[in-house]
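Here is the structure we will look at.
Small disclaimer: the values here were computed from a predicted structure and weren't measured.
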Amino acid sequence: EVLEVGSALVQETISVTGRVTLNQNTAAQVKARFPGVIRSVLKEPGETVKANDTLATVESNDSLQVYPVKSPVAGLVINRNASVGEVAGETPLFVVADVSKLWAELFVFSRDGEKIKAGQKVHIQCLDDDLITQADISVVLPTTEASSQTFVARAVIDNPDNHWRSGMNIRADVVIKEKEVPVAVKTDAIQRLEGNDVIFIQESGGTYKAQPVELGTSDETWTEIKSGLVTGQRYVAKN
């Protein structure tokens, strides 16, 4: 692949680890309204339910009436702690959650605290699968976890096809700065040759020459060239 040297937007990022969790704004712990014996269980983990669908029925200890336990939200049944014949009390019988939007909880070291802010872009990569997505930091939580000296920044992951799951481990690159640089090449194009950084440029006859360059700011995609190349030169972007 041969490209032209030109300007590019180079991002300065901070890499952090994290995990995917349920979105607590759209998850419900469903309890029995009155203590009693569970008479039927109608929904299993993995089933999709609508708001007001009956999940189980319970016979009230006081009235001996059987009443339905309904889901307050639409979503997926994540967890079930209900079995026929057991007594329903304070423990949630089900967890139901809308998983179309999940939370990415990012663990940020205190030393980077000043740099991470709501609204910043974040590139998220799953460590357990080959999933990649982009999101924005929605909130930076104000407390630091004492033992690890980290705090949590949270982003919302769009999950329309249910590929992302709660519990997945992630790596995230938070974009803390972006700058337009006048001369840039693809980062993959940079080679090391005899201790120098070089770019293979295409000469007029179609031959290629290793051109030493001085590098500037870099990210995974683009690298600034401070000297050695000019805009419009053609270079080998890969291989």
Side-chain angles (χ1 to χ4, degrees), residues 1-18 20 104-140 150-159 163-164 168-239:
E1 190 186 3
V2 178
L3 297 177
E4 274 192 11
V5 177
S7 64
L9 202 61
V10 179
Q11 299 178 332
E12 188 183 331
T13 60
I14 290 177
S15 267
V16 296
T17 58
V20 179
E105 304 227 301
L106 313 176
F107 309 130
V108 181
F109 286 109
S110 297
R111 64 171 183 266
D112 294 325
E114 292 300 307
K115 300 173 188 168
I116 307 290
K117 296 178 176 60
Q120 288 170 330
K121 281 190 241 174
V122 55
H123 307 288
I124 299 170
Q125 182 177 359
C126 179
L127 297 177
D128 313 315
D129 211 327
D130 55 356
L131 297 171
I132 293 173
T133 193
Q134 294 205 31
D136 296 327
I137 290 181
S138 53
V139 67
V140 177
T150 59
F151 62 89
V152 170
R154 182 182 294 146
V156 178
I157 294 177
D158 283 324
N159 188 35
H163 288 159
W164 292 90
M168 283 177 163
N169 294 305
I170 54 178
R171 194 195 100 160
D173 294 319
V174 182
V175 179
I176 58 170
K177 216 185 280 177
E178 288 185 303
K179 74 168 183 177
E180 182 87 25
V181 298
V183 182
V185 298
K186 290 276 186 154
T187 301
D188 287 347
I190 299 160
Q191 309 281 336
R192 291 290 287 178
L193 195 65
E194 296 169 359
N196 296 314
D197 293 309
V198 301
I199 302 290
F200 282 90
I201 57 169
Q202 190 178 44
E203 297 192 295
S204 52
T207 57
Y208 295 95
K209 177 182 105 174
Q211 175 67 36
V213 289
E214 183 191 349
L215 307 180
T217 311
S218 183
D219 64 25
E220 281 192 10
T221 310
W222 296 104
T223 294
E224 176 186 12
I225 302 298
K226 288 188 158 180
S227 67
L229 294 180
V230 295
T231 302
Q233 282 181 291
R234 294 175 63 75
Y235 69 97
V236 181
K238 254 192 186 148
N239 303 324

What distance do [X] atom [atom1] and [Y] atom [atom2] have between them, rounded to the nearest 0.5 Å?
| X | Y | atom1 | atom2 | result |
| --- | --- | --- | --- | --- |
| Gln125 | Arg171 | CD | CZ | 5.5 Å |
| Asp188 | Glu1 | CG | CD | 9.5 Å |
| Glu105 | Thr150 | CD | OG1 | 11.0 Å |
| Leu127 | Asn169 | CG | CG | 6.0 Å |
| Thr13 | Lys121 | OG1 | NZ | 12.0 Å |
| Gln134 | Asp173 | CD | CG | 10.5 Å |

Next on the checklist: Quick one, Ser227 with Val213, criterion side-chain contact (heavy atoms from CB on, under 4.5 Å). Give me CA distance, side-chain angles, the key distance, then yes/no.
Outcome noted: CA-CA 6 Å; Ser227 67; Val213 289; over 6 Å; no

Answer whether the closest heavy-atom distance between the side chains of [X] and [Y] falls below 4.5 Å.
| X | Y | answer |
| --- | --- | --- |
| Val5 | Val185 | yes |
| Glu4 | Tyr235 | no |
| Met168 | Leu131 | yes |
| Val174 | Leu106 | yes |
| Ile116 | Ile137 | yes |
| Gln211 | Lys209 | yes |
| Glu180 | Leu9 | yes |
| Gln120 | Ile176 | yes |

Next on the checklist: How about CD on Glu220, more than 12 heavy atoms from neighbouring residues, nucleotides or ligands closer than 6.0 Å, or not?
Outcome noted: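 Open: at most 12 neighbouring heavy atoms sit under 6.0 Å from CD of Glu220.
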
Checklist entry - Should the heavy atoms of other residues, nucleotides or ligands under 6.0 Å from CD of Glu114 be counted, would the total exceed 12? => result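 No - once you tally the heavy atoms of other residues, nucleotides and ligands closer than 6.0 Å, there are 12 at most.
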
Next on the checklist: So, applying side chain to side chain contact (heavy atoms under 4.5 Å, CB included) with Glu12, which one of Lys179, Lys177, Lys115 is it?
Outcome noted: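 Result: among Lys179, Lys177, Lys115, Lys177 is the only option passing the side chain to side chain contact (heavy atoms under 4.5 Å, CB included) with Glu12.
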
Counting N and O atoms only, with roles assigned by atom type, does the side chain of [X] sit under 3.5 Å from a partner on the main chain of [Y], one being a donor and the other an acceptor?
| X | Y | answer |
| --- | --- | --- |
| Ser138 | Arg154 | yes |
| Asn159 | His163 | yes |
| Asp219 | Thr221 | yes |
| Ser7 | Val183 | no |
| Glu224 | Gly216 | no |

Next on the checklist: Thr223 vs Val10, test: side-chain contact (heavy atoms from CB on, under 4.5 Å). Steps then yes/no.
Outcome noted: CA-CA 7 Å; Thr223 294; Val10 179; over 6 Å; no

Kindly list each side-chain donor-acceptor pair under 3.5 angstrom involving residues 195-203, sequence neighbours excluded, with atom names and distances?
residue, atom, partner, partner atom, Å
Asp197, OD1, Arg192, NH1, 3.0
Asp197, OD2, Arg192, NH1, 3.4
Gln202, OE1, Arg234, NE, 3.1
Gln202, NE2, Tyr208, OH, 3.3

Minimum heavy-atom distance between [X] and [Y], given as atom pair plus value:
| X | Y | value |
| --- | --- | --- |
| Val122 | Ala172 | CG2-CB, 3.6 Å |
| Ala189 | Val236 | CB-O, 3.3 Å |
| Gln233 | Val230 | OE1-N, 2.8 Å |
| Val140 | Ala118 | CG2-N, 4.1 Å |
| Phe151 | Phe109 | CE2-O, 3.8 Å |
| Cys126 | Ile170 | CA-CG2, 4.1 Å |

Item to check | Chi angles and distances behind the side-chain contact (heavy atoms from CB on, under 4.5 Å) call for Ile124, Trp164 | outcome: CA-CA 11 Å; Ile124 299 170; Trp164 292 90; 4.0 Å; yes

